[in-house]
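Every chain is numbered from 1, with letters handed out A, B, ... down the list of sequences.
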Amino acid sequence: MKRRHESNENNGPTDEVEALTEDALTEDVPEKKTKKIDKGQLYKPLSSDELHQLKDAENLFHSNVFKLQITELLNEVQLKGKRISRIHECIKDLKSVLLHLPRGKEHDLGDCSWLPDKVKLPLIDHGRTIKGKFKFLPPIDVQEIGSFSTGTCLRPNPSVDLQLTIPKDFFQPKDYMNHRYIQKRALYLSVIALKLQKQESVQNVKFSYQNGNTLKPILALDYKGEGKEVTFHLHVCPEEGTFKYSRFHINKNNVRQSWFKGQESEEEPATPHYNTAILQDLTMTSNNQCMKSALQDASSVKEGISLLRIWLQQRELDVGHGGFSGFTMSMYVIYLLSRRKLNKMMSNYQIMRNTLLQLAKENWTEEGPDLCGDKSDPNQPMTDDFQQIFNCVFLDLTGYVNLCSEMTKSTFLRVKHEAELAVKILEDKTVDSFHVLFLMPVKFTRKFEHIFHVTCIEELKNTVDKLNLQDRLLDYGGNYVHTVIPNVMSLLQRALNKRIDLVQIKQYPLKQWDINDSPPSIEDQKVTVGISLNPEFAFSSIDKGPPADSPEAKEFREFWGEKSELRRFKDSSITEAVPWTTEKSMDRRRIICSYVVKEVFPALPATFFYHATVSSDKKDLRLLPQSDKPCPPYTAVTKVICLLEGSGHWPDDKNAFKRIKAALHIKFGEILCDQHDLPVAIDIDHVDVRFEDYVFRLELQYLREIAFTEESYLPDGMVKFVDNDEALRLEQDIKLLPILTSTLHGIQQKFNSFSGSVRLVKRWISSQLLADHVPDIAVELMVAYLYTSPGPYTVPYNPLTGFLRFLHLVSTFDWKMSPLVVNLNAELKGEDYSEITSNFAKSRSSHPVMFISTPQDRFQSVWTKKHPTPMILQRLVILATECLQIIESQIGEIGPSVPDFKQIFRPAVDDFDLLIHLRGKQLACDRMMIDRQKKLFNPPLGDSLDRKYKKNLPVYDYDPVQKYLQEIREKYGNLALFFYDRYGGQVIGVLFNPNAFQPKEFSVNHMFCRKPETSQNGHTEVIMKPNIAAIREDFAIFGEGLVASVQMLKSNLK
Amino acid sequence: MEHKSDSKNHMVINGFTVLQTRFTDQSKTGHYLYVKEHAAKDQDARRPPERTLFVVNIPPYCTKESLRHIFSRFGKILHIHLQDKPTKDLLVNKSQFFPDVQLQKGFKVGYIVFRKPASVETVKQLPFDTPLVISTPKYPVSTGVKKWCDEYEKSRVDVKQLQVEIDTYMQSYDKIVEADKKKAMEQEGVPDEDGWVTVTRHSKKNKAVPRTEAMESKLTEIERKKKQNMELKNFYTFQSRETKRNEIATLRKKFEEDKQRISLMKAARKFKPY
């Protein structure tokens, strides 16, 4: 009996939870009834399977939810069995076509004129003659390789890599020399492209480059078998044993100076990159074999790799030339398996987590992983040689090939940085780590605080000589961009040194081009560099170098040239130093950056983007207003709350206390005026005082007053505290707001970009006319969220980055289903989070649409109680999405001219019913206007005038537009919504409430603002219609002197 | 619904005479006033039925003064009361500085008390097509920038007057408090008719705890804890067995809940990474 009773109790609350969540979510979630938990099911004896499952969730995964989320995510990205078998059919078809291609005629290798117009050689023309013969032979084998073969390929748009093995006979013995192999390979692909294009089921035949290497084209095509099309990437490689590996030893030369430059030279430099490019083809088969066998029957490892690939893709790291590709990641996991850092018994979560953990510890730029277990081959290059030649090293199975030969140091450091962050995020229980790691895209523009584009690629050509890189140019086959970039990056790294946390070149996705087009020229490549500052050192004015007598000093002087000076510091050390600025300007970095840029690349035009600042002037003061003159500039008042001590002397009654407070204000004002000689204005609930150039509003407050206002007496004489609007407002103003203000101030002290971000965001919201509909505090809290939970990024040190992330947050946050928890001062712990979330889910419908929870206000979201309304939030989300897209494309892409960044600060006014245009003369904030005319009606005041009235209170807190808005909101607030940009907007948008404008029957309640009209169907019936013409006139009447014109936009209201 | 309009062009709907207004002579359009004789079941001395005109839909810029100017040509006006809604009681602020009642500033209803009942009739017979002008050159209604400037000028409180009002209020308040205290002191220890003694804050021997809700719930909590401590936990085997079973059940329940949460997220397409 007792048992049953308890079980009921246990289930009671659950039922309630479901009922409510269902209720709240019916709007947005497609009908999906949550199943009720069966009471009996909960108490049935545990089966060993289930025990296992429940235990697993706790031990092998982050949490149960995380496990389920991973399963869902994998379901989303993995190919289904049916599709796989379809793809296999396609492969089979394509294979039979490829294997039965006819042999071709023999041609001269250097002469491509026999190729029809339909196809162009996918190599950049370098104009050198290439000896040798070309005779097409069909491939001897076609194999699937890469992610599809191992089952780690990701939806949507999976691509299947196919490897075509070219028979030995196709090659001549000396083909490895002087790009002959490269030419032959490209020609071979062209012939295949030509042949395949004739096939009916083959579409979109295009060329691309393997990992962005311009020496190695690949063929991309869509094959339409039965069902959906499949994208194939065709790679070609020579048959096993065509060339000896040792021929391509990294220290050997395979491209002669005499051929490349046309001049003889005694010494032939080694060509490691050229050699590696060919070796990669040669070892393709064996490396893929190794991968396949290692991943066989290890489904959790495969899943782990898929997760890691999603992680990479979200960070845009796996694309482009020298990216950290999915292949590299798979090989790394295999390396860890071979080193017993991972094992096949681990869950997919553990594979993912441990790999990231290891990656965070590695430094491939100094000691890379080595897959090769067999070191017996005497011809194998030394590991040290690899480290010296390449930026990053990851040796493959044969020990001859560096798998990340093209990766720059900066790219690896970024990956490492991301891995470190990921590990931290996984440990932090207060973050939705799943979302942050796998679902949130980390865009380049949002990751890096400063971005610059190199717009004039040709200039990089001169850099080759400047940096003495002719040998490298030969190695890279003339691709000067790829030649100089690693050096440029390391130069930047060295010059900026401690000032930056990260510098990275953007990985642009690979280009594809039609086979009848020429390949994109080197000049078409985009070079974009992102810099992430270290706030501690970024703004220091001097770089301290090595001591003057040390051996490094010479190196330092050579690097910095004239900029380097010998200086003596306070700690009596004499060192080389580089002063970054002599002035106390905030643009120090710009000076030095342009120096680095100028010195390193002569005359290199680079476009820099800096954050815009929105100034808040509080200094301009003026005398009394006169209606025929322009309105004085706006002077804000700063509110100061003075808390009264608790005392038995104050009355316990609400009304009496109000009077006492007023009396205190009078006294307070008199003291300030008489004893301190300050200009004051006394009011009932505040004293305004001018101190120096600011006007302060002093308010005396008493915490007990909140209790007075809440107090009410029950009939039996018991005192009950009832929440009411006045008490809530008072509590917000004198209890919550001061705490919040000081906390936010703390954030600003810690990260000085906070206020800049907030201002930029507020300015944007206001410019979109939403400032009065989204509470300022809510905005500040949302921005604070970016600092307390920076998510997949680190804290933004630049207001612009903060702004971009804000736009992304607002546009993608799931306001309907989750609370935004701003963990101020890191007061909330993991349990608090789950408490807040479950509490929120239980009673979603009774909470505001925008729910912001803070440690002081966990379950209420007091600041967003009334605003924003669902409609406003929706608009905000839409606007944020649009504006983010615009500004990111403006920043992230190189255009012909500097884009118009003000674009996102101009509101769209077409959606309003009515527009009220204002006269510029009466705008108190016209100096803050976005598109300001040169002529200002109220220019900032000069000092002379100001000093004259030093003893007066200026005109303060007077803005005609705000007065006007307040008046029309009071009067027509139930009929319409008003939208205005408080920073110098020239137009007020009016949106009528459609419900308030329905025709109603004649009654006293429906008379306000309506006019009688005889309805058309019956003569005797009178209906009340809204008197819109009169309202329109009222808008002009109330704004006499301010309103220039009232414009009706919607014709249906006329 | 009756809708009469006789030869004199005056419009009556449901007993309300409809009048047009114009803000100034030049205005082309304006709001409509609906006027009627005030009739209420309850007698109110401030609003005598036969002499009071009930006006609905008074535009927001129309003040008591402007109403007085418009309607005084139909007879002498004694009072004008403006309200947000028609109400039984008239709401009036007693204090100049500390308002008890916040009047909204939108469209209003008004009660105009004339000296003679005839004036009400005159107004009711007014023609529809001659609009009433609110802001005349003689009595202009100030709006817009001019009004705000004036308001700004007047926004300074007269400190002396305020001080006087506060002083008088506080004196009377102090008297009331004093009297209450005295009364409580007198009652101290004195039983009433049924023999009950009221314990007050002012008692010297045992001070009464304030009777608040918070205090009440605190006491119940203490009682509940006391009871709980009396019970034995995990004493019998069946009890510990039950605890274990419950643990598993909560684990399962959590698991099921998580599953449901995921399915909701799935429905909201939360798992599309790109």
Quiz item: Under 4.5 Å between any side-chain heavy atoms of A:N655 and B:Y173, yes or no?
Solution: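 No, every pair of side-chain atoms sits at 4.5 Å or beyond.
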
Counting only non-hydrogen atoms closer than 4.5 Å, does [X] touch chain B with its backbone (N, CA, C, O), its side chain (CB onward), both, or neither?
X	value
A:V77	side chain
A:I310	both
A:E76	side chain

So which part of [X] gets closer than 4.5 Å to some heavy atom of chain A, the side chain, the backbone, both or neither?
X	answer
B:V159	both
B:Y61	both
B:S27	both

Exercise. Look at B:I58, B:N57, B:D174 and state which one has the largest set of heavy-atom pairs under 4.5 Å with chain A.
Key: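 Of the options given, most contacts go to B:N57.
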
Self-check item: Pairs of heavy atoms under 4.5 Å with chain B: top-ranked of A:L154, A:L439, A:L975
Solution: A:L439

Exercise. Using a cut-off of under 4.5 Å on heavy-atom pairs, state which of A:A1029, A:G1039, A:A656, A:G1041 scores highest against chain B.
Key: A:A656

Quiz item: Between A:E1040 and B:T143, does any side-chain donor sit less than 3.5 Å from a side-chain acceptor?
Solution: yes

Quiz item: What residues form a ring pair (Phe, Tyr, Trp, His ring centres under 6.0 Å) with A:F438, not counting sequence neighbours?
Solution: A:F434

State the [atom1]-[atom2] distance between [X] and [Y], to the nearest 0.5 angstrom.
X	Y	atom1	atom2	answer
A:Q69	B:I262	CD	CD1	4.5 Å
B:W148	A:L1042	CH2	CG	5.0 Å
B:I166	A:K658	CD1	NZ	12.5 Å
B:I134	A:I1037	CD1	CD1	7.5 Å
A:I666	B:K160	CD1	NZ	12.0 Å
B:D258	A:K67	CG	NZ	11.0 Å

Exercise. For B:H31 and A:D1034, run side-chain contact (heavy atoms from CB on, under 4.5 Å): C-alpha distance rounded to whole Å, both residues' side-chain angles, the deciding distance at 0.1 Å, then the answer.
Key: CA-CA 9 Å; B:H31 288 282; A:D1034 289 354; 2.4 Å; yes

Self-check item: Taking every non-hydrogen atom, the tightest pair across A:E1033 and B:T29
Solution: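 Looking at all heavy atoms of both residues, the closest pair is OE1-O, 3.0 Å.
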
Quiz item: Around atom CZ of A:R309, are there more than 12 heavy atoms of other residues, nucleotides or ligands at under 6.0 Å?
Solution: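 Counting other residues, nucleotides and ligands, CZ of A:R309 exceeds 12 neighbours.
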
Quiz item: Okay, side chain of A:N1027, backbone of B:G30: is any donor-acceptor separation there less than 3.5 Å?
Solution: yes

Quiz item: Would you call A:E967 and B:K147 a salt bridge, taking side-chain N to carboxylate O under 4.0 Å as the test?
Solution: yes

